[in-house]
Every structure is written in C-alpha cells, then in structure tokens.
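As structure tokens, the structure follows; a few thoughts come after it.
Hydrogens, waters and symmetry mates are skipped; everything else that's a heavy atom, side chains included, is used. All of these numbers come straight from a predicted model, not from anything done at the bench. So you know, we letter chains A, B, ... as the sequences are listed, proteins then strands, and number each from 1.
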There are 2 protein chains.
Amino acid sequence: MSKDEEILEELSEFFKAFSHPVRLKIIINLMEGPQCVKNLGETLDMSQPSISQHLSILRNKGIVGCRREGSLICYYIKDPRVKKLYNLLIKEELSWQEKS
Amino acid sequence: MSKDEEILEELSEFFKAFSHPVRLKIIINLMEGPQCVKNLGETLDMSQPSISQHLSILRNKGIVGCRREGSLICYYIKDPRVKKLYNLLIKEELSWQEKS
DNA sequence: TGATTATATTTTGATATAATAATAACCTAA
DNA sequence: TTAGGTTATTATTATATCAAAATATAATCA
C-alpha cells in the first residue's frame, strides 16, 4: 500500500471514531476534561460494558488515552486533531454548549 | 428522540461519510472542482458500480449534489462543512497537496 | 484473605456495510 | 429506432459493526 493510501486509511479510521452517536457523546464529554469510566457511564446513562467497548475503540485508534488513578481509570483526549474538529464542526451544533 | 440526540445522530452520519478511504478519495477529488462519474472512475481506478454506490451514499447524506450535463452526470460538493473539514484536517495530511 | 467496587474482555445474535456481478435506465448520435 | 456510451440499481455473498449478557481482571477495603 502506498504512502497516500496509508494516509487515507488512517484518516478514514479517525473519522470512523466519530461516526457513532455514543462515541461522539463520549468525546464531547471528555473535551470538558478527563473523566473516569464510572462518571461517563452515569452522565450518559449507559451500561458499563457498552461505555467500555466504545472507549476501547477510541483507545485503539489513539483518539483517547487513559491512566489509572487508584481504583478508577481516567480517560482523556489524546489526539490533537480532536480539539480542532470539535471547535470547527461539533461545538457550534450543540445547543447546550455556549459558543465562545 | 430529543433535539440533541438528533443532532448527534446527524453529526455521526456526517462523519460516517468520511469513514471510508474510497469516499475520502472521492471527496478530495471533488474539492478540486465538480467531476463526472466517468472521470472519477478513471482517476481513482475503480469499477463504475463501486464509485456509483459510494456517490449515492454521499448524495443521500447531502454531502454531494449532482446535475446532468448531457450524457454525463456531474457531482459537486454540497455540504459547506466539507470545505471546513478539508481545510482543517485533510489537506495538510496529503503529501501530494501543496499547503496554502 | 474475602468482599466489594470499577473496568475490561469475550461471546452471541442481529444488523449494517462492502465488493462484485449482472442488469436496468438514460442520453446522444447515427 | 437502434447502438454505444454513461450511470444507477439490484442481488448476492462476505465482512464488519452493534448491543447485550456473561464472565474476567484489577484495586481497595474490611
């Protein structure tokens, strides 16, 4: 596979991370700051395994990172492109977010 | 479904359009200007039905539009978010594109 | 150590998406 | 009207994704 093909593969994988409403929710929440899985689950009102599965997808793509903090595992946005994308296209669509 | 849920659904569908390398290629080509299906097929070296299927996906999401021009059908970028996204995240990753 | 809380992984079944081949539809020109 | 070139649709099969349930792992605390 050529260099350009690889780039397109990687880019499409990046966008695939954003192509599910639950993952979008997770990403939007993490944009406000690092969160542990438990908090995410409570905020989004979803089952723990479901949250965990989507987090592992985001982790495998390098979109988010995580660190253990005692008994909790704290997730945070890792890929710098996320912030760009959030500011450019996502933030302004969200009615519950103030535009700054 | 709440308003916010709908927004997230729509956004995730938008990103899904970019989550396949062939669709990315098509979009990148169309960013340089409108193109007929035949040209796209030759440029991307892909089967006509495959191109046509991906174009119909992009069409259904409102990402691209098309018009007939004689015996050809000409596709063009329709969703204004595409240009933003292209300039922000895609252009700079492509080695064959000059950065402006 | 055992119990509890927090998180991850695996499995299963349902659904969606993909590639390919075959066919249909549409336009133009002879 | 027929032929040739262009595009779309359909059907099929393979693969990927999804949600949900069950189970496993890891840390903390009694």
Expressed in angstrom and rounded to an integer, what is the separation of [X] atom [atom1] from [N] atom [atom2]?
{"X": "B:Ile73", "N": "D:dA8", "atom1": "CD1", "atom2": "C1'", "answer": "8 Å"}
{"X": "B:Ile51", "N": "D:dT7", "atom1": "CD1", "atom2": "P", "answer": "10 Å"}
{"X": "A:Leu55", "N": "D:dC18", "atom1": "CG", "atom2": "C1'", "answer": "16 Å"}
{"X": "B:Leu24", "N": "C:dA18", "atom1": "CG", "atom2": "C1'", "answer": "16 Å"}

Taking 4.0 Å as the cut-off, does a side-chain nitrogen or oxygen of [X] come that near to OP1 or OP2 on [N]?
{"X": "B:Lys16", "N": "C:dA16", "result": "no"}
{"X": "B:Ser52", "N": "D:dA8", "result": "yes"}
{"X": "A:Tyr75", "N": "C:dA6", "result": "no"}
{"X": "A:Arg68", "N": "D:dT28", "result": "no"}

**OP:** Hey, could you give me the CD1/CD1 distance between A:Ile26 and A:Ile51, rounded to the nearest 0.5 Å?
**Re:**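 Separation between the atoms: 4.5 Å.
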Subject >> B:Val64 with B:Ile28, same ILVMFWY side-chain cluster at under 4.5 Å >> reply: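 Same hydrophobic cluster.
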**OP:** Under 4.0 Å from any atom of DNA chain C, heavy atoms only: list the residues of residues 59-66 of chain B that qualify, in numerical order.
**Re:**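 When residues 59-66 of chain B is checked for heavy atoms under 4.0 Å from DNA chain C, there are no hits whatsoever.
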Which heavy atom of [X] sits nearest a heavy atom of [Y], and at what distance?
{"X": "B:Arg23", "Y": "B:Ala17", "answer": "NE-O, 3.0 Å"}
{"X": "A:Tyr76", "Y": "A:Cys66", "answer": "CE2-N, 3.4 Å"}
{"X": "A:Leu89", "Y": "B:Leu11", "answer": "O-CD2, 4.4 Å"}

Subject >> Per-nucleotide protein contact string for nucleotides 19-25 of chain D (B base, S sugar-phosphate only, - none; heavy atom under 4.0 Å) >> reply: SBBB---
Subject >> Nearest-neighbour nucleotide for the B:Lys38 side chain, D:dT6, C:dC26, D:dC18 considered >> reply: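 When the side chain of B:Lys38 is considered, D:dT6 is the closest of D:dT6, C:dC26, D:dC18.
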Original post:
Could you give all pairs that pass the salt bridge (Lys or Arg N to Asp or Glu O under 4.0 Å) test and reach residues 45-63 of chain A, with sequence neighbours left out?
Top reply: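 For residues 45-63 of chain A, and leaving out neighbouring residues, the salt bridge (Lys or Arg N to Asp or Glu O under 4.0 Å) pairs sorted by first residue read A:Glu13-A:Lys61.
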Original post:
Taking for each residue the nucleotide of DNA chain D with the nearest heavy atom, is it B:Cys36 or A:Arg23 whose nucleotide lies nearer the 5' end?
Top reply: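 Looking at DNA chain D, the more 5' nearest nucleotide goes with B:Cys36.
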Subject >> Pair B:Lys16 + B:Glu9: basic N to acidic O under 4.0 Å >> reply: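 Answer for the salt bridge query: no.
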Original post:
Is there a side-chain contact between A:Arg81 and B:Glu93 (heavy atoms, below 4.5 Å)?
Top reply: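 Sidechains of B:Glu93 and A:Arg81: in contact.
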